[in-house]
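To start, the structure under review is shown below, and the notes come after it.
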2 protein chains.
Amino acid sequence: MQTLWQFMRLHPIGATLSKNDWGNDDFLGVTAKIYKPHSEIGRQDDDNHEIFIVKSGWAILYHGLPDGERQIIDTPLTGDIVGFRSVDGPRLASLASITELTVYEISSKELVEAILSEGRLGKKIVCSLARLNAILAEHLMNTGRRTAMSRTAHFLLELEERLSMVGLSAHGRYECPLTQYDLADILGMTTVHVNRTLGELRRADLVSFKAGHVQVINRKKLVEIAGFDNEYLR
Amino acid sequence: MQTLWQFMRLHPIGATLSKNDWGNDDFLGVTAKIYKPHSEIGRQDDDNHEIFIVKSGWAILYHGLPDGERQIIDTPLTGDIVGFRSVDGPRLASLASITELTVYEISSKELVEAILSEGRLGKKIVCSLARLNAILAEHLMNTGRRTAMSRTAHFLLELEERLSMVGLSAHGRYECPLTQYDLADILGMTTVHVNRTLGELRRADLVSFKAGHVQVINRKKLVEIAGFDNEYLR
DNA sequence: CGAGTTTTTGACATTTTTCAAGCGTGGTGG
DNA sequence: CCACCACGCTTGAAAAATGTCAAAAACTCG
């Protein structure tokens with residue numbers, strides 16, 4: 001069985017952590033939990049202070065609005081941390097699996113304890129949160145200042161970059177189990193419009209999103225349309 | 001002269017820090033720098049690894065897009081930290097003052113060093129970043145899933161809440177030096193539309209934004225229209 | 001095969017942007 | 001003191017982008 005620290009050494013947020021960075025083995029020994037596709041891992045407004053670290057699979061972190069709308073905040077991928085809050089309080093967003101999902105679950109309190117006693121862990125978490133910040137800021141530009149086309153192109157390029165960082169994309173090709181409904185709630189548009197936009201991108205031979213997989217066709221032009229610069233994902 | 005740690009004890013991110021949380025006094029003695037209104041404090045793409053902590057004044061953190069558009073990522077207020085990056089690399093956004101602005105400037109490297117040796121500082125920074133994350137996520141809902149009206153209302157309520165936390169708002173009233181152009185770049189719409197929307201809000205006796213100050217008139221209804229829940233600002 | 005989900009398409013409505021112009025105010029130089 | 005300019009605010013009319021509603025086609029899974 002792979003322990004949490006073994007995992008973290010291999011992935012973005014834990015890449016340089018040594019065993020000693022964690023207080024003791026018990027804490028490290030957190031076992032990964034496996035969830036079925038389309039299950040709720042944590043629900044918005046629940047008073048359950050747990051942090052998740054994605055080991056494998058696809059998930060969405062979303063917030064439901066009073067009027068029934070939904071905005072997807074992020075699609076956490078392998079190695080991403082989910083669920084930090086500045087203070088105790090209800091969860092601000094729900095986490096749901098898309099595919100089968102494996103996550104490490106750590107009590108928020110325990111993780112904070114560990115940060116207090118181990119500076120290197122604090123640094124790691126700070127870096128991880130800073131990166132999430134950068135991603136959110138970029139999504140803000142997407143929904144705020146880019147056209148439907150540019151937005152969609154940008155997100156597909158972001159996914160490719162993030163996935164290839166964890167070895168899940170190569171040659172501009174990757175699996176993506178998100179539906180067009182999901183895409184709509186990520187990009188802040190309607191499914192109908194997502195559909196038309198994807199169609200345009202496909203017909204223009206830029207990128208194809210079809211049957212759960214994505215293939216970048218003309219990267220140069222796609223990057224140009226999207227105004228994509230991967231710097232923020234470093 | 002007020003030192004950085006004296007300041008931090010009094011404001012959100014540093015509220016519970018004691019003197020010992022910082023390695024030594026030299027580091028703490030960082031003097032605050034004062035900038036004139038409308039100056040650039042840090043420029044996007046610069047390779048200058050500095051973190052800013054706002055002591056007083058209004059600022060905007062924005063990112064310029066290739067086509068000349070601009071998206072304002074955040075309006076850092078008293079006590080907010082600006083400029084963290086996951087790794088060294090060019091700055092992702094520019095920081096500019098709106099009013100006269102006083103900021104503490106700390107080298108990124110120094111702060112990371114301090115985190116390594118002082119867990120409580122790490123915790124504070126982690127909390128601050130988690131809060132910023134929550135704010136960005138909420139802005140994402142704003143631009144992604146709310147109408148112009150709801151969005152604008154929401155942002156004005158957020159400002160009120162954030163300002164009253166640092167003693168700069170009371171009775172639903174506060175000073176706000178942002179222009180309608182700024183508002184447009186925050187909310188992801190055009191100035192023209194911002195103008196019309198503010199007009200509507202004013203005519204409906206919900207909130208007035210005029211000559212640099214904001215007055216909430218009918219909070220109950222405004223909160224309802226905005227779908228505002230201050231939980232995320234805690 | 002059949003039921004449910006997802007994608008695609010068409011016609012039309014609404015929101016938001018664009019372009020263009022006018023107004024008000026505060027500061028500045030003649 | 002006044003003319004003038006820069007800047008921000010306001011308004012109107014038309015265009016473009018995006019959303020809504022509705023239905024059909026395609027796909028998926030048991």
Side-chain angles (χ1 to χ4, degrees), chain A residues 36-38 58 60 65 67-72 96-100 142-156 175-204 207-215 225, chain B residues 36-38 58 60 65 67-72 96 98-99 142-153 155-156 175-204 207-214 225:
Chain A
K36 287 203 177 41
H38 302 289
W58 283 72
I60 51 175
L65 291 158
D67 60 358
E69 297 273 26
R70 171 183 81 150
Q71 171 73 41
I72 297 180
S97 62
I98 296 288
T99 60
E100 178 171 288
N142 255 3
T143 51
R145 281 281 173 260
R146 285 197 253 254
T147 64
M149 211 159 203
S150 167
R151 229 185 291 186
T152 308
H154 193 280
F155 181 68
L156 293 178
E175 298 304 305
C176 173
L178 300 172
T179 66
Q180 293 185 8
Y181 283 86
D182 296 327
L183 238 33
D185 288 333
I186 290 167
L187 299 172
M189 45 208 262
T190 58
T191 44
V192 175
H193 204 56
V194 165
N195 182 278
R196 296 197 221 272
T197 307
L198 287 176
E200 269 192 82
L201 287 168
R202 198 183 312 135
R203 279 190 299 279
V207 58
S208 102
F209 183 113
K210 198 103 184 161
H213 57 240
V214 176
Q215 173 72 59
I225 284 178
Chain B
K36 286 202 179 38
H38 302 287
W58 283 73
I60 51 174
L65 292 158
D67 60 358
E69 296 273 25
R70 173 183 80 149
Q71 172 73 41
I72 297 181
I98 297 288
T99 61
N142 255 3
T143 51
R145 281 282 174 258
R146 286 197 252 253
T147 63
M149 206 151 211
S150 167
R151 228 185 291 186
T152 309
F155 181 67
L156 293 178
E175 300 302 305
C176 173
L178 299 172
T179 66
Q180 293 186 5
Y181 284 85
D182 295 327
L183 239 30
D185 288 334
I186 289 168
L187 299 171
M189 44 207 262
T190 57
T191 45
V192 174
H193 204 53
V194 165
N195 182 279
R196 297 196 223 272
T197 306
L198 287 176
E200 271 191 80
L201 287 169
R202 198 182 312 135
R203 279 189 300 279
V207 58
S208 101
F209 183 112
K210 198 104 182 158
H213 58 240
V214 176
I225 284 178

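Being a predicted model, the structure only gives us computed values, none of them experimental. By convention in this document, chain letters (A, B, ...) are assigned in the order of the sequence lines, proteins followed by strands, and residues within each chain are numbered from 1.
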Look only at the side chain of [X] and the backbone of [Y], and say whether a donor-acceptor pair between them is shorter than 3.5 Å.
X: B:Arg145; Y: A:Met189; value: yes
X: A:Gln215; Y: A:Val207; value: no
X: B:Ser150; Y: B:Ile225; value: yes
X: A:Ser97; Y: A:Glu100; value: no

Check your understanding: Between A:Arg146 and B:Asp67, is there a side-chain N and carboxylate O pair less than 4.0 Å apart?
Key -> no
[X] [atom1] to [N] [atom2]: how many Å, rounded?
X: B:Leu187; N: C:dT16; atom1: CG; atom2: P; value: 12 Å
X: A:Glu200; N: C:dT8; atom1: CD; atom2: C1'; value: 14 Å
X: A:Leu183; N: C:dT7; atom1: CG; atom2: C1'; value: 12 Å
X: A:Asp185; N: D:dG19; atom1: CG; atom2: C1'; value: 14 Å
X: A:Leu198; N: C:dT7; atom1: CG; atom2: C1'; value: 10 Å
X: A:Asn142; N: D:dT18; atom1: CG; atom2: P; value: 12 Å

Only one of A:Asn195, A:Thr197, A:Thr191 passes side chain to side chain donor-acceptor pair (under 3.5 Å) with A:Gln180, and that residue is A:Asn195
Look at [X] and [N] and indicate whether a side-chain polar atom (N or O) is within less than 4.0 Å of OP1 or OP2.
X: A:Gln180; N: C:dT5; value: no
X: A:Lys210; N: C:dT8; value: yes
X: A:Arg203; N: C:dT8; value: no
X: B:Arg151; N: C:dT15; value: no
X: B:Asn195; N: D:dT10; value: yes

Is any side-chain heavy atom of [X] closer than 4.5 Å to a side-chain heavy atom of [Y]?
X: B:Ile186; Y: B:Val194; value: no
X: A:Leu183; Y: A:Phe155; value: yes
X: B:Glu175; Y: B:Thr99; value: no

Ranking C:dT16, C:dT8, D:dG8 by distance to the side chain of B:Ala148, first place goes to C:dT16
Per-nucleotide protein contact along nucleotides 25-30 of chain D, 5' to 3', at a 4.0 Å heavy-atom cut-off (B base, S sugar-phosphate only, - neither), is ------
The contact string for nucleotides 17-24 of chain C, one letter per nucleotide 5' to 3', using protein heavy atoms under 4.0 Å with B, S and - for base, sugar-phosphate only and none, comes out as BBB-----
Between the protein and nucleotides 5-7 of chain D, list the N/O to N/O atom pairs that are separated by less than 3.5 angstrom.
none

Contact summary for [X] and [Y], nearest pair of heavy atoms:
X: A:Pro37; Y: A:Ile98; answer: CB-O, 3.3 Å
X: A:Gly188; Y: A:Arg151; answer: O-NH1, 3.5 Å
X: B:Ile60; Y: B:Arg70; answer: CD1-NH1, 3.6 Å

Counting the atoms with a prime plus P, OP1 and OP2 as sugar-phosphate, which does B:Arg202 contact under 4.0 Å by heavy atoms, base, sugar-phosphate, or nothing?
sugar-phosphate
